[in-house]
Amino acid sequence: MIEVRGLTKRYGARVAVDDVTFTVEPGRVTGFLGPNGSGKSTTMRMILGLVAPTAGHALVDGRPHRAFDRPLRRVGALLDADAVPAGRSAYHHLASIAASNDIARGRVDEVLDVVGLRAAARRRAGGFSLGMRQRLGIAVALLGDPPVLLLDEPVNGLDPDGVRWIRTLLRKSAAEGRTVFVAGHLMSEMALTADHVIVLSRGRVIVDTTIAEFVRGGARGDVLVRSPYGPRLSALLTARGATVTVEPDGALAVEGLAYSRIGELAAGEGLVIHELVARQGSLEEAYLRITEPEAVHRAADGVPDGAGA
Ligand SMILES: Nc1ncnc2c1ncn2[C@@H]1O[C@H](COP(=O)(O)OP(=O)(O)OP(=O)(O)O)[C@@H](O)[C@H]1O
């Protein structure tokens, strides 16, 4: 479990993380979302004891990270895939980290297998692709078989196969009872991987809830209707209180009426329907809806007065 209480980080006048409190529970994947610069990495670094908080504290399984003698056995972290030493092979990189954390050398081969780097293990990590460096970073995180995983954008640079592999790994780790905390920007992937979501905006927590609840509360659900009688159907549904938007391909997006009612109304008027789909809102839609004002504001911040396009 990760417990963050009143965590704050100021850099001069800039508040990177502002009185943040949350708990990351074991047994589920918790997604950590927020626009660029909202404070996710700084929060993760404070949890790992790499950045000193201005105020507040973070505990991992009840203790501050610095209290662990062999931290890799308690928390596996991926922060920056470029942190791999260029001159060393993947094997030697992992072996030296294992030795300093009192982890059996045999574990190195195991994690190389898990991350799919066995064949490249003797090559210099400096020649690795971004995806391979990312896999090596994940190997380091897994080395100590830790009960807590903390990963900053783990799918960055991975191919679709790798993205699916990460998803499976994180789901499996949570099912084993581990605490899995993962920051990311890829909403479609987060929707498939996470059970719970914490959203930061300007250094503050603005959402801390289940993915299902977040999507239900923040995203629009509607019904997609395709019919050769689009305009007549649109008039009919509007007269019954629905809000109808015509999509670029001529389909109708209908809000305010259940799909069953739409089908009945159309049948009553003898209007043929080719497709009738109840669409669930997406995580991306819910996320954009709550963070868009900030994105706009930040874009405005970035444009100096009088600067032309
Ligand atoms: N060492 C530092 N010195 C000064 N400011 C910093 C430092 N580290 C982070 N910041 C600032 O703190 C804020 C939060 O940054 P942080 O990297 O935590 O955001 P993030 O949510 O991880 O962003 P991204 O999604 O782009 O990775 C930003 O305004 C950033 O410029």
Side-chain angles (χ1 to χ4, degrees), residues 2-24 29-58 60 64-66 75-84 130-131 133-134 137-138 141 148-158 163 166 170 180-191 193-194 196-209 211 214 218 283-284 286-304:
I2 300 171
E3 294 160 285
V4 168
R5 298 289 176 265
L7 205 59
T8 299
K9 182 66 189 179
R10 285 194 204 95
Y11 290 107
R14 183 185 290 273
V15 186
V17 176
D18 190 2
D19 194 16
V20 160
T21 293
F22 60 77
T23 301
V24 184
V29 177
T30 299
F32 198 25
L33 310 179
N36 292 131
S38 56
K40 303 180 297 297
S41 298
T42 306
T43 301
M44 286 185 147
R45 286 176 187 278
M46 286 193 280
I47 294 169
L48 293 168
L50 299 170
V51 166
T54 309
H57 66 266
V60 179
H65 189 275
R66 64 175 180 280
V75 192
L78 172 78
L79 288 183
D80 183 358
D82 287 326
V84 172
L130 174 59
R133 290 201 302 275
Q134 198 76 350
I138 291 162
V148 177
L149 284 173
L150 192 146
L151 309 172
D152 197 357
E153 303 195 34
V155 300
N156 195 12
L158 292 182
V163 170
I166 279 282
L170 298 184
V180 183
F181 191 39
V182 52
H185 287 289
L186 210 55
M187 292 302 139
S188 53
E189 191 47 40
M190 201 56 96
T193 310
H196 198 91
V197 63
I198 294 171
V199 185
L200 280 193
S201 171
R202 296 164 183 265
R204 288 178 163 263
V205 175
I206 57 167
V207 172
D208 183 349
T209 187
I211 288 262
F214 181 47
L283 175 63
E284 180 170 62
Y287 172 80
L288 288 175
R289 196 165 278 210
I290 58 156
T291 55
E292 223 160 48
E294 171 175 352
V296 170
H297 187 87
R298 278 161 22 95
D301 280 352
V303 180

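Heads up: numbering here begins at 1 and tracks the sequence. First listed ligand is number 1; within each ligand, the first listed atom is number 1.
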Considering only heavy atoms, which of [options] lies nearest to [atom]?
atom	options	answer
atom 16 (P) of ligand 1	Val15, Leu33, Thr42	Thr42
atom 22 (O) of ligand 1	Ser41, Gly39, Gly203	Ser41
atom 21 (O) of ligand 1	His185, Lys40, Arg202	Lys40

Residue pair [X] / [Y]: nearest heavy atoms and the distance that separates them:
X	Y	result
Asp18	Thr8	C-OG1, 4.1 Å
Val17	Gly39	CG2-O, 3.6 Å
Ala183	Asp152	CB-OD1, 3.4 Å
Gln134	Val155	NE2-N, 4.2 Å

Thr54 (side chain) donor-acceptor with Arg10 (main chain) under 3.5 angstrom: yes
Close approach, Pro35 and ligand 1, non-hydrogen under 4.0 angstrom: yes
Element-labelled atoms of ligand 1 that are located less than 4.0 Å from some non-hydrogen atom of Asn36: 23 (O), 24 (P), 25 (O), 26 (O)
Atoms in ligand 1 with a heavy atom of Ser38 nearer than 4.0 Å: 19 (O), 20 (P), 21 (O)
Provide, to 0.1 Å, the distance between [atom] and the closest protein heavy atom, together with that atom's residue and name.
atom	answer
atom 4 (C) of ligand 1	Tyr11 CG, 3.3 Å
atom 29 (O) of ligand 1	Arg14 NH1, 3.1 Å
atom 12 (O) of ligand 1	Ala16 CB, 3.1 Å

Gly37 N/O to ligand 1 N/O under 3.5 Å: yes
Residue pair Thr23 / Arg5, side-chain donor-acceptor N/O under 3.5 Å: yes
The single option from Thr42, Thr43, Val20 passing side-chain contact (heavy atoms from CB on, under 4.5 Å) against Lys9: Thr42
